[in-house]
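No experiment lies behind these values; they were computed from the predicted model shown.
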Amino acid sequence: MAKKTRLQSPPGMHDILPEDQSYFQKVYRTAESLVSFYGFEKIDTPIMEFLELYEKGTGLTTDIVEKQMFSLKTKGGDILALRPEFTPGVMRAFLQHGMTNLPQPVKLYSIGPVFRYESPQAGRFRQFHQVNLEVFGEKSPAIDSQVIQAFYNLLAELKLKNLVVEINSIGASCCRPYFKKILISYLRSRFNSLCLDCKRRARENPLRVLDCKEEKCQPIKAQAPQIIDHLCEECHNHFKEVLEFLDELGLPYRLNPYLVRGLDYYTKTVFEIFVENPAPEGSLPVALVGGGRYDNLGKVIGGRDISACGGAAGIERIIEEMKNSGLRISGEVKKNVFLAQVGNLAKKKSLKLFEEFRQAKIPLAESLSKDSLKVQLARADRLQVRYALILGQKEALEKTIILRDMKDGTQETVKLEKAVREVKKRLKK
Ligand code: AMP
């Protein structure tokens, strides 16, 4: 016997049902209008790229590439991966299309799904959506602050409160190798007390030990050397200026020396934005936005240095916060008129009338599949429309229609061809 198909979406991947579409649309629309104000233009890149792009760009020792890729071999033998993040793909497109020849900086934004093979849990999915910003070709710290400002204002425009930016600098090739040495030597001295993951990280990607969330590693983190104290002059000044810009903008931020972000390509500034509500017991506050500067990524994937800074906001997490803070968004357009019909001829005529209302841009509710007038009027009542139009057999023959005021119950008969005009006139009052 044929096996029944499991009627379930894959773990960590969700349908976006009609009742949630209005939240997604709200985030998309707010993001698009806000970031165009900051000069970002939209770019769509494929959902898949060569796996190699992420291995090189995101980094082989990152969690994303090590554990979270959805990859496949095509019939032609190419190894592709569903994008786990936007940045390497957008940088690839920037280089591929010669955008280095455009006036710099080039500011690009994207919105769409990303895929990570994670353990599904609250706020952590395998398919989720991001608003992603990238600024290429500008090394000024003003850009770092503008990216942070754009994301902060996106959340603020969506009416999220208690926002806080966490920020750190992780230096660059000028000072990080030296800091790594100091850190490795410190971690060696505590090696036995590290969690299993951090024992591996200490060898492969020691900075990641600093953002380990395991209880066991917290005392080790607390005494670890901090990169901020070991920045070279250039990285130090860059960071100082970013903070000065944030001060000037009045954005609330907090220095977090343990913020290193998971990815290999970051240089200098790294940041995350949180909503600072008391987290439910036992849970860690989740970041809504993460990003930073990555001046080496261009070289790693394309052979040349490109100053770059960007970040990504997680749309599902933003919507969750909007709902938690009691923000309700209804996608339904309020309809003030209901069209009821009785009999075959009336049903036919009401289809045409419905079109006339659509062309006049007057939202019209109907129950074409229902025959009983009582049922239809009850629905009109529930929808709290102001007027009901009733087209019965007699009216259909006489080319008239009844216009009923649902507030006081009065009704009058008007010519069918004037129905739109009559309703429009009354709605204007
Ligand atoms: P990242 O690309 O890891 O810096 O993530 C940027 C933002 O995407 C985070 O701040 C979250 O809002 C969101 N995000 C990251 N991973 C997930 C996930 N597995 N599920 C849902 N949202 C996520």
(message) Between the side chains of Lys240 and Glu244, is the shortest nitrogen-to-carboxylate-oxygen separation below 4.0 Å, so that they form an ion pair?
(response) yes

(message) Could you check whether atom NZ of Lys216 has more than 12 heavy atoms from other residues, nucleotides or ligands sitting under 6.0 Å from it?
(response) yes

(request) Answer yes or no: is there a side-chain heavy-atom contact under 4.5 Å between Tyr23 and Arg328? (result) yes

(message) Is it true that, when you exclude Glu248 itself, more than 12 heavy atoms of the residues, nucleotides or ligands shown sit nearer than 6.0 Å to its CD?
(response) no

(request) Step by step, work out the salt bridge (charged side-chain N to carboxylate O under 4.0 Å, His left out) result for Lys352 and Glu355. (result) CA-CA 5 Å; Lys352 187 159 171 277; Glu355 267 316 289; over 6 Å; no

(message) Using modelled atom types and a 3.5 Å cut-off, is there a donor and acceptor pairing between side-chain atoms of Gln341 and backbone atoms of Lys370?
(response) yes

(message) With salt bridge (charged side-chain N to carboxylate O under 4.0 Å, His left out) as the criterion, how do Glu32 and Lys42 come out once you've worked through the C-alpha distance, each side chain's angles and the decisive distance to 0.1 Å?
(response) CA-CA 9 Å; Glu32 293 195 328; Lys42 189 166 192 183; 3.2 Å; yes

(message) Could you measure the distance from the CG atom of Leu391 to the CG atom of Leu403? Nearest 0.5 Å is fine.
(response) 12.5 Å

(message) Can you give me the closest heavy-atom contact between Ala340 and Leu373, atom names plus distance?
(response) CB-CD1, 4.0 Å

(message) What's the separation between atom CD1 in Ile401 and atom CG in Leu389, rounded to the nearest 0.5 Å?
(response) 4.5 Å

(request) Side-chain contact test, heavy atoms from C-beta onward, threshold under 4.5 Å: evaluate it for Tyr28 versus Ile315 and give yes or no. (result) yes

(request) For atom CG of Leu17, decide whether the heavy atoms of other residues, nucleotides or ligands shown that lie under 6.0 angstrom number more than 12. (result) yes

(request) Evaluate whether atom CD of Glu19 has more than 12 neighbouring non-hydrogen atoms of other residues, nucleotides or ligands under 6.0 angstrom away. (result) yes

(request) Working to the nearest 0.5 Å, report the span between CG of Leu163 and OH of Tyr152. (result) 4.5 Å

(request) Consider only side-chain N and O atoms of Glu316 and His129, and report whether a donor and an acceptor are under 3.5 Å apart. (result) yes

(message) Would you say that more than 12 heavy atoms from the other residues, nucleotides or ligands in this model lie under 6.0 Å from the CD of Gln218, or not?
(response) yes

(request) Determine whether Tyr387 and Asn336 make a side-chain contact, defined as any pair of heavy atoms from C-beta on separated by less than 4.5 Å. (result) no

(message) So which atom in Glu138 and which in Pro105 form the shortest heavy-atom distance, rounded to 0.1 Å?
(response) CB-CB, 3.6 Å

(request) Please examine the side chains of Ile148 and Phe245, heavy atoms only from C-beta on, and report whether any two atoms are closer than 4.5 Å. (result) no

(message) I want to check something: taking the side chain as every heavy atom from C-beta on, are Asp211 and Tyr258 in contact at a cut-off of under 4.5 Å?
(response) no

(request) Supply the atom-to-atom distance Ser110 OG to Glu41 CD, rounded to the nearest 0.5 angstrom. (result) 12.0 Å

(message) When you measure from the side chain of Lys107 to the backbone of Tyr38, do you find a donor-acceptor pair of N or O atoms at a distance under 3.5 Å?
(response) yes

(message) To check you understand the geometry: which heavy-atom pair defines the closest contact between Leu34 and Ala150, and what is its length?
(response) CD2-O, 3.2 Å

(message) If we ignore hydrogens and angles and just use 3.5 Å, is the side chain of Thr267 paired with the main-chain N or O of Asp295 as donor and acceptor?
(response) yes

(request) Please tell me if the side chains of Met99 and Met91 come closer than 4.5 Å, counting only heavy atoms from C-beta onward. (result) no

(message) Quick check against the 3.5 Å criterion: does Glu85 have a side-chain atom that pairs as donor or acceptor with the backbone of Val114?
(response) no

(request) Step through the shown structure and confirm whether more than 12 heavy atoms of other residues, nucleotides or ligands are within 6.0 Å of NZ on Lys334. (result) yes

(request) Please lay out, stage by stage, how Lys347 and Asp371 fare under the test side chain to side chain contact (heavy atoms under 4.5 Å, CB included). (result) CA-CA 9 Å; Lys347 199 169 276 207; Asp371 293 328; 2.8 Å; yes

(message) Are the side chains of Ile318 and Met322 in contact, using a 4.5 Å heavy-atom criterion?
(response) yes

(request) Report yes or no: does Arg83 contribute a side-chain atom to a donor-acceptor pair with the main-chain N or O of Met48 at less than 3.5 Å? (result) no

(request) In sequence, state the C-alpha distance, the side-chain angles, and the governing distance for Arg293 and Ile143, and then conclude on side chain to side chain contact (heavy atoms under 4.5 Å, CB included). (result) CA-CA 9 Å; Arg293 179 164 278 282; Ile143 291 296; 4.0 Å; yes

(request) Considering only NZ, NE, NH1 and NH2 on the basic side and carboxylate oxygens on the acidic side, decide whether Glu272 and Arg261 come within less than 4.0 Å. (result) yes

(request) Mark yes or no for whether Arg404, through its side chain, and Gln411, through its backbone, hold a donor-acceptor pair below 3.5 Å. (result) no

(message) Whether the side chain of Ser22 engages the backbone of Ile329 through a donor-acceptor N/O pair (distance < 3.5 Å, no angle test) should be reported.
(response) yes

(request) Supply the atom-to-atom distance Arg317 CZ to Leu155 CG, rounded to the nearest 0.5 angstrom. (result) 12.5 Å

(request) I would like to know whether Leu297 and Tyr266 meet side chain to side chain contact (heavy atoms under 4.5 Å, CB included); could you show each step before the answer? (result) CA-CA 8 Å; Leu297 179 64; Tyr266 284 107; over 6 Å; no

(message) Could you check whether any side-chain N or O of Asn168 sits under 3.5 Å from a backbone N or O of Leu259, counting only pairs where one atom can act as donor and the other as acceptor?
(response) yes

(request) Answer yes or no: is there an ion pair linking Asp78 with Lys73, defined by an N-O contact shorter than 4.0 Å? (result) no

(request) Could you go through the salt bridge (charged side-chain N to carboxylate O under 4.0 Å, His left out) check for Glu422 and Arg426 one step at a time? (result) CA-CA 6 Å; Glu422 288 297 324; Arg426 283 169 175 74; 2.7 Å; yes

(message) For Pro113 versus Gln127, what's the shortest heavy-atom pair and its separation?
(response) CB-NE2, 3.7 Å

(request) Salt-bridge test for Glu204 and Arg200: reply yes if a basic N is under 4.0 Å from a carboxylate O, no otherwise. (result) yes

(message) I'd like to know if the side chain of Arg304 and the backbone of Gly298 have a donor-acceptor N/O pair within less than 3.5 Å.
(response) no

(message) Quick one, Glu234 with Lys139, criterion salt bridge (charged side-chain N to carboxylate O under 4.0 Å, His left out). Give me CA distance, side-chain angles, the key distance, then yes/no.
(response) CA-CA 12 Å; Glu234 192 204 317; Lys139 59 182 195 271; over 6 Å; no

(request) List the atom of Cys195, the atom of Cys212, and the distance in Å for their closest heavy-atom pair. (result) SG-SG, 3.9 Å

(request) In plain terms, say whether Lys323 and Asp20 are close enough for a salt bridge, that is, a side-chain N and a carboxylate O under 4.0 Å apart. (result) yes

(message) Once you measure the plane-to-plane angle for Tyr117 and Phe70, does it fall in the parallel (<30°), tilted (30-60°) or perpendicular (>60°) bin?
(response) perpendicular

(request) Kindly indicate whether the side chain of Phe271, heavy atoms from C-beta on, has any atom under 4.5 Å from the side chain of Phe151. (result) yes

(message) Pairing donors with acceptors under 3.5 angstrom, does anything connect the side chains of Glu366 and Ser350?
(response) no

(message) Looking at Pro84, is its backbone amide N or carbonyl O close enough to the side chain of Arg116 to form a donor-acceptor pair, meaning the two atoms are under 3.5 Å apart?
(response) yes

(message) Tell me if the CD atom of Gln384 is crowded by more than 12 foreign heavy atoms within 6.0 Å.
(response) no

(message) Between Glu321 and Leu158, is the side chain to side chain contact (heavy atoms under 4.5 Å, CB included) condition met? List the steps.
(response) CA-CA 10 Å; Glu321 268 315 318; Leu158 291 169; over 6 Å; no

(message) Rounded at 0.5 Å granularity, tell me how far CG in Leu231 sits from CD in Gln226.
(response) 11.0 Å

(request) Answer yes or no: are there more than 12 heavy-atom neighbours, outside Lys221 itself, under 6.0 Å from its atom NZ? (result) yes

(request) Over all heavy atoms of both residues, which pair between Ile390 and Leu377 is shortest? Give the atoms and the distance, please. (result) CD1-CD2, 4.3 Å

